There are 2 protein chains.
Amino acid sequence: MSHTLGIRQAQKQKTRRALLDAALGLLEEQSLSSLGLREVTRAVGVAPTAFYRHFRSTADLGVALVEEALGSLHPMIRTTVTAADSSDERITRAVELIARHVHAYPAHVRFIARERHGGVQPVREAIRGQLARFAEEVKAELAKDAEAEGWSDDDLLMLSHLYVDQMLVTASLFLEAQEAAAGGEVSAEERERVTRLATRQMRLISIGRHHWLDH
Amino acid sequence: MSHTLGIRQAQKQKTRRALLDAALGLLEEQSLSSLGLREVTRAVGVAPTAFYRHFRSTADLGVALVEEALGSLHPMIRTTVTAADSSDERITRAVELIARHVHAYPAHVRFIARERHGGVQPVREAIRGQLARFAEEVKAELAKDAEAEGWSDDDLLMLSHLYVDQMLVTASLFLEAQEAAAGGEVSAEERERVTRLATRQMRLISIGRHHWLDH
DNA sequence: AATCATGGAGAACAGTTGTTAACTGGATGA
DNA sequence: TCATCCAGTTAACAACTGTTCTCCATGATT
């Protein structure tokens, strides 16, 4: 934040960005374990060997993409779970926020959904780590709620993971909906359908939460 | 089922099996979009060109694997959701059955989890199709239950999808648990942890289902 | 017994891959 | 101003890829 980057490091970060963006683009139609380093550099218009100045391997680049795709999401999670009055309003807000995020960063979402169980171990672990952080944060937020009285820590974490997984399911559902309608305004009603589905599923979970303690 | 295969077709199916098995093995450490046809034939000990006698491409082989991994699962689903008295017993049974299945066919489960959002479109669609069938079957089974009175078709399908997704989440959780403990009996307590987690999540959903109609 | 059908082998193709090495030119810091 | 640094280039490497075409051995068919 203090002193401007030298023109040197600025250029470096610029091609690093180009590499990340090109990779993310290429990963829309294949998975990381088949992404070639030459493929990426070719897309950027740079020599293959330049790749090594930034990443050790494509797996390394993948880990960087995970941080970028999920790392910036933490504040959003927190505010989402927090700011709302009624439970129903909170759910509506959350689903809408997911829809908006998928629409804004579809490539990031696809990448995460694809590589969460993908063929590259370090990337899988990076994603798992970030999702665990999410679950911990959601749990902390849930614990503040009055409804959390009488809940064990274990049960709160159980519920958090349920929420996080449901979040991902919903996100990739929105993704499918909007890529199925790549050439038309069919997207609107598909989006609506997914919104209704996800909202009701969240609501059902929410109801289960309300009645968790009475047997 | 009637007349025995000629010795000719028998041999063909034998190498076809070998190709499928070899591919499934190789796919434990990579994803389908990076699986080479030569790689598979090499593992089987057969000429590269022999591959074309059985599959058009590795994507084609992938679709065949989907049918094999999920196609044989339908009767199991049906009996699971059906046969049980109390709701709790049904849940315990279901989770146990998932654990057993993951333990018996880990490579199949990993393949499905990996390729559900993987980089090969035909395979993704094959999986989506099979999961949609599952959801329909679960819905049909739920509709028979007395608890389904007053439920709309839409809501029943919503709940079915929730169950199916939760099934998959649980399966890949069991998978991680048993591959994290590749060299030891740590697996036992990890398995137990996942079992407890999955059971409580299912129970919470079940509770939500009970109270769905009273607002 | 003679013909046909077919699963698999073999060789060759143009293209691709990751990685190494030595080099260049412009920004950096003394 | 001059020596140093370093992001990016060029060239070359052995190894690998999917695909085509020709051929063979043998089971199936008549």
Side-chain angles (χ1 to χ4, degrees), chain A residues 2-27 29-65 115 118-123, chain B residues 2-27 29-65 115 118-123:
Chain A
S2 49
H3 80 306
T4 48
L5 268 5
I7 165 170
R8 186 133 202 184
Q9 304 198 31
Q11 262 301 334
K12 177 165 185 179
Q13 289 210 349
K14 197 170 164 187
T15 71
R16 186 189 142 98
R17 264 254 58 81
L19 288 171
L20 287 167
D21 290 342
L24 202 55
L26 291 166
L27 285 172
E29 285 170 359
Q30 64 185 303
S31 30
L32 185 63
S33 85
S34 72
L35 181 70
L37 136 184
R38 294 183 100 108
E39 211 177 339
V40 180
T41 57
R42 192 186 313 132
V44 173
V46 90
T49 51
F51 186 91
Y52 293 108
R53 302 289 182 192
H54 302 273
F55 307 101
R56 219 175 290 274
S57 62
T58 54
D60 194 21
L61 182 150
V63 172
L65 279 179
E115 300 303 330
V120 184
Q121 206 210 23
V123 171
Chain B
S2 49
H3 80 306
T4 48
L5 268 5
I7 165 171
R8 185 127 203 192
Q9 304 198 30
Q11 262 301 334
K12 178 166 185 179
Q13 289 210 347
K14 196 171 166 187
T15 71
R16 186 190 140 99
R17 264 256 56 82
L19 288 171
L20 287 167
D21 290 344
L24 203 56
L26 292 166
L27 285 172
E29 285 170 358
Q30 65 185 305
S31 33
L32 185 62
S33 85
S34 72
L35 181 70
L37 136 184
R38 294 184 100 107
E39 209 177 340
V40 180
T41 57
R42 193 187 314 131
V44 173
V46 90
T49 51
F51 186 91
Y52 292 108
R53 302 290 183 188
H54 300 272
F55 307 101
R56 221 175 289 273
S57 63
T58 53
D60 195 20
L61 181 150
V63 172
L65 278 179
E115 300 304 330
V120 184
Q121 205 210 24
V123 171

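As the structure is a prediction and not an experimental result, all values here were calculated from the model.
The structure places OG1 of A/Thr49 at 9.0 Å from CG of A/Leu37, a figure rounded to the nearest 0.5 Å.
Rounded to whole Å, the distance from CD on A/Gln11 to P on D/dT9 is 11 Å. The interatomic distance linking B/Asp60 (CG) with D/dG18 (P) rounds to 14 Å, in whole Å. One can place NZ of B/Lys12 at 16 Å from P of D/dG27, the figure rounded to the nearest angstrom. One interatomic measurement links the two molecules: CD1 of B/Ile7 to C1' of C/dT6, which rounds to 14 Å at whole-angstrom precision. Computed from coordinates, the B/Leu37 CG to C/dT16 P distance equals 18 Å when rounded to whole Å. In this entry the distance linking CZ of A/Arg8 with C1' of C/dG26 reads 7 Å, nearest Å.
The side chain to side chain donor-acceptor pair (under 3.5 Å) search around A/Ser34 returns A/Gln30, B/Ser33, not counting sequence neighbours. B/Arg42 is linked by a salt bridge (Lys or Arg N to Asp or Glu O under 4.0 Å) to nothing, counting only residues two or more places apart in sequence or in another chain.
Checking each of A/Thr58, A/Val44, A/Thr15 against A/Phe51 for a side chain to side chain contact (heavy atoms under 4.5 Å, CB included) leaves exactly one that passes, namely A/Thr58.
Proximity of A/Leu20 to A/Phe55: side-chain heavy atoms (C-beta onward) are separated by under 4.5 Å at one or more points.
Comparing D/dC5, C/dG8, D/dT17 by their closest approach to the side chain of B/Glu39 singles out D/dT17.
Within residues 40-59 of chain B, the residues that have a heavy atom under 4.0 Å from DNA chain C are, in order of number, B/Val46, B/Ala47, B/Thr49, B/Ala50, B/Arg53, B/His54.
The backbone N or O of B/Val123 sits nowhere less than 3.5 Å from a side-chain atom of B/Glu115 that would complete a donor-acceptor pair.
One cannot find a donor-acceptor pair under 3.5 Å joining the base of D/dC16 and the side-chain atoms of B/Arg38.
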